[in-house]
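Okay, structure first, notes after.
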Amino acid sequence: MQTAREIFSYRKFWAKRFGPAPFLPMSRAEMDELGWDSCDILLVTGDAYVDHPSFGMAIIGRVLEAQGFRVGIIAQPDWKSAEAFKALGRPNLFFGISAGNMDSMVNRYTADRKIRSDDAYTPEGEAGKRPDRAVLVYSQRCREAYAEVPLVIGSIEASLRRIAHYDYWSDKVRRSILVDSKADILLFGNAERALLDLTHRLAKGEPIAAITDLRGTAFMCKDLPSGWAEVASTSMDRPGPPAVHADPYAMEPALEATGQSCAATAAAAANEAPSNVIQIHRKPGRLAADRAHQVVRLPSFEDVSRDPVLYAHASRVLHLESNPGNARALVQRHGSRDVWLNPPPIPLTTKEMDYVYGLPYARGPHPAYAGKKIPAWEMIRFSVNIMRGCFGGCTFCSITEHEGRIIQSRSEESILHEIEEIRDKVEGFTGVISDLGGPTANMYRMACKSSKIEQACRKLSCVYPDICENLNTDHSALVHLYREARAIRGVKKILIGSGLRYDLAVRSPEYVKELVQHHVGGYLKIAPEHSEENVLSKMMKPGMGAYDRFKEMFEKFSKEAGKEQYLIPYFIAAHPGTTDEDMLNLALWLKRSGFRLDQVQTFTPTPMAMATAMYHSGKNPLRKVSHDSEDVVIPKAGGKRRLHKAFIRYHDPDNWPLLREALKAMGRADLIGNGKKHLVPSFQPVGTGKPVHRAAQPAGSARRAAPMGLQKPRKPLPKRLPARAK
């Protein structure tokens, strides 16, 4: 993989003489106390400012500060005028604009498009402190405040909207957020590397319009830069007839050059139209460019807006061009200009990760909040992020699309030092670390066995349809970390709150034993998501066989330890590809297994997700798409989504009338009755029967909101499991 400059190797900016601030300033008075006459960068965020490395603006602010820049924070400003954006004065270099740790639309609306009553990233959970499409609104106000100051947009909201994207809340395809925000540059993914390079170059006087070569950035242009050759996306992945594939993504010939290509994949691809033959479209007089100077042209915004099949095709190509080792630049026409996307950023090394997480965070909310509780902070205050990225590739999830599929891990020493800091510095610590994790609990230090294979790979999942033979699934480093963390003086318990990838865990009985006997607080959350293979194939999730194997190991090791512990499974309703029969079968599985779920995760189409492309187009972008290719059943109508939720909550009397009607229509009236074999009873309790619309955490978000209840056992569940805000 291409090497990159280490993020701590730059010559420090002159303002380093001021040293680190206790908290990055949010007011002029704080700037005066620090001796600042101005800020070099102002970071605008939709979250309350918590100076902790689980909050994006804190990381970005401290990384910039460590390079010698003066950074101010404008947190949850009043967006109704530009006044709040002038509070700290004109920034010398740029505004950095973020919606916060969550997409503002996902943050504010439920899966049923209903406004949420709270916001976990706001003091006291108060709702309404950020606007819809926060990046757009904040960008407009920053322009009104100081029109000449460059705008740099980022965060997950910008990252997932970097090209034309389907917007669930308006039910239409919207333009790239770069176009609508009128920002100068967009940073996508984990942006430390690009941001530091950009900031140092701006500080040296380079105009932002001239900075077009940074990986992980997007900008607007009218013409292709000199020396680039254009590749039509349809020549790479030409729409053709449906074909049967062993794997969801074809591999590039570069993998074969390593001598370790997958024979099964090659054989499966033999009968389909060649997808690896690339046709170069050159401008007159332009010489053929090598891969590093090819740009893939996606169908234009106008084309994908008109044709959902082209939208699905564009989504497929975007995801195929996501590996930093082989991804090419992408370009998409919007009117008379192009949105140009450079290849994804080079992942941080362990040394760089340690640097980022070892900066002098105050590890708490800014004093301006005067002791008010911020729910997201309360949830993660005693947890430690040990890694980034996820190679699972679940189609409904945004983690891989934002953080990438290459795991970036901290060193054991760095993690243990942070635990000691929590013990010594965080008020209220009782000896319990609520989580050692990240996007997943157990991908720490996992990677491809061969760097050559990793650089050439075009698959978005290392674990679907099965765990790749080239993936190192060794859990020994994680087991050692757990043991060392437990041994720290003052630590009584280490819990694991991040989602567990159980299909990986069963490869290491030692890990499962260590986890179950020492790091489960009575309940462990895992996410089968569904019971039916038809649906799981659209999610790119493992079958229930892996769940059954893990459950058997979990119960065995719990019994050996003399502990009464239970698994809490999560499931998604109304995912693309789900039929009523699939949901009925899941309901029957839940009843047989003795589960009564209090919360239901209803599928929310988030921008850029593969499942969202399915939802919008009715096609399966895991294979080549055309108007004649595989159709995907989409439970889109409100009544259908309510029914699918009702099947998961089959035990709720309010859902029984709807389920009885559906079972009769499906020819399964035999499941209505008062015996053990029946799904719903024939009687209706007085005062029940009207569906209750419960707010659901969006499927695919990096963290789940709360556990779900069990039919067996009757042991009460905690109101909220510890989990890191994301």
Side-chain angles (χ1 to χ4, degrees), residues 1-5 10 150 152-153 162-164 176 178-179 183-189 191 193-202 204-238 252-255 257 275-301 303 313-314 317-347 404 452 455-458:
M1 186 177 296
Q2 177 182 331
T3 58
R5 181 174 183 174
Y10 294 87
V152 179
I153 60 174
R162 56 188 185 259
I163 64 168
S176 164
L178 185 62
V179 178
D184 295 281
I185 195 168
L186 180 154
L187 276 56
F188 60 86
R193 198 180 299 285
L195 184 65
L196 288 181
D197 204 337
L198 172 71
T199 306
H200 279 287
R201 289 166 70 172
L202 290 174
K204 292 177 181 178
E206 190 171 347
I208 195 167
I211 303 176
T212 61
D213 59 340
L214 298 180
R215 296 181 66 111
T217 64
F219 56 90
M220 302 295 298
C221 61
K222 290 187 176 180
D223 300 300
L224 293 185
S226 175
W228 288 82
E230 182 179 307
V231 182
S233 65
T234 50
S235 71
M236 295 170 45
D237 199 67
R238 192 188 313 278
E252 286 278 356
L255 180 57
S275 63
N276 299 324
V277 177
I278 301 207
Q279 299 177 5
I280 306 297
H281 300 270
R282 306 181 185 90
K283 290 190 174 183
R286 178 170 292 173
L287 298 176
D290 60 19
R291 186 180 180 86
H293 288 86
Q294 291 174 1
V295 57
V296 178
R297 179 165 291 280
L298 300 174
S300 69
F301 160 72
D303 287 339
H313 161 78
V317 173
L318 173 79
H319 286 79
L320 286 170
E321 296 291 336
S322 63
N323 182 349
N326 60 50
R328 287 164 286 191
L330 302 174
V331 67
Q332 185 179 53
R333 199 74 171 172
H334 285 64
S336 61
R337 295 192 299 164
D338 285 328
V339 172
W340 178 288
L341 278 73
N342 282 319
I346 301 296
K452 290 184 178 179
Q455 291 177 38
C457 186
R458 301 276 285 175

- Validation row: Arg297, Val331 side chains within 4.5 angstrom (heavy atoms): yes

- Query: Got a second to check how far Leu318's CG is from Leu341's CG, nearest 0.5 Å?
  - Reply: 7.5 Å

- Mind checking what makes side chain to side chain contact (heavy atoms under 4.5 Å, CB included) contact with Asp184, not counting sequence neighbours? Arg143, Pro150, Leu151, Ile208

- Query: Distance from Asp223 atom CG to Trp340 atom CH2, nearest 0.5 Å?
  - Reply: 11.0 Å

- Query: Any luck finding a side-chain donor-acceptor pair between His313 and Ser233 under 3.5 Å?
  - Reply: yes

- Message: Are Ile185 and Leu198 packed together at the side-chain level, in the sense that at least one heavy-atom pair is separated by less than 4.5 angstrom?
- Response: yes

- Can you find a pair of side-chain heavy atoms, one from Arg458 and one from Glu321, that are under 4.5 Å apart? yes

- Item | By salt bridge (charged side-chain N to carboxylate O under 4.0 Å, His left out) - contacts of Arg162 (at least two apart) | none

- Query: side chain to side chain contact (heavy atoms under 4.5 Å, CB included) with Asp197: which residues, sequence neighbours excluded?
  - Reply: Tyr10, Arg201, Leu214

- Hits for side-chain hydrogen bond (donor to acceptor under 3.5 Å, both in side chains) against Thr199, two or more places apart or cross-chain, chain-then-number order -> none

- Query: For the atom pair CZ (Arg193) and CG (Leu195), what is the distance rounded to the nearest 0.5 Å?
  - Reply: 12.5 Å

- Message: Once side chain to side chain contact (heavy atoms under 4.5 Å, CB included) is applied, do any residues pair with Ala164, and if so which ones, sequence neighbours excluded?
- Response: Val173, Phe301, Val304, Gln332, His334

- Inspect the contact between Asp303 and Arg333 and indicate whether a charged nitrogen and a carboxylate oxygen are less than 4.0 angstrom apart. no

- Query: Rounded to the nearest 0.5 Å, what separation is found between the OG atom of Ser322 and the CG atom of Leu330?
  - Reply: 9.5 Å

- Query: Residues in salt bridge (charged side-chain N to carboxylate O under 4.0 Å, His left out) with Arg5, at least two apart?
  - Reply: none

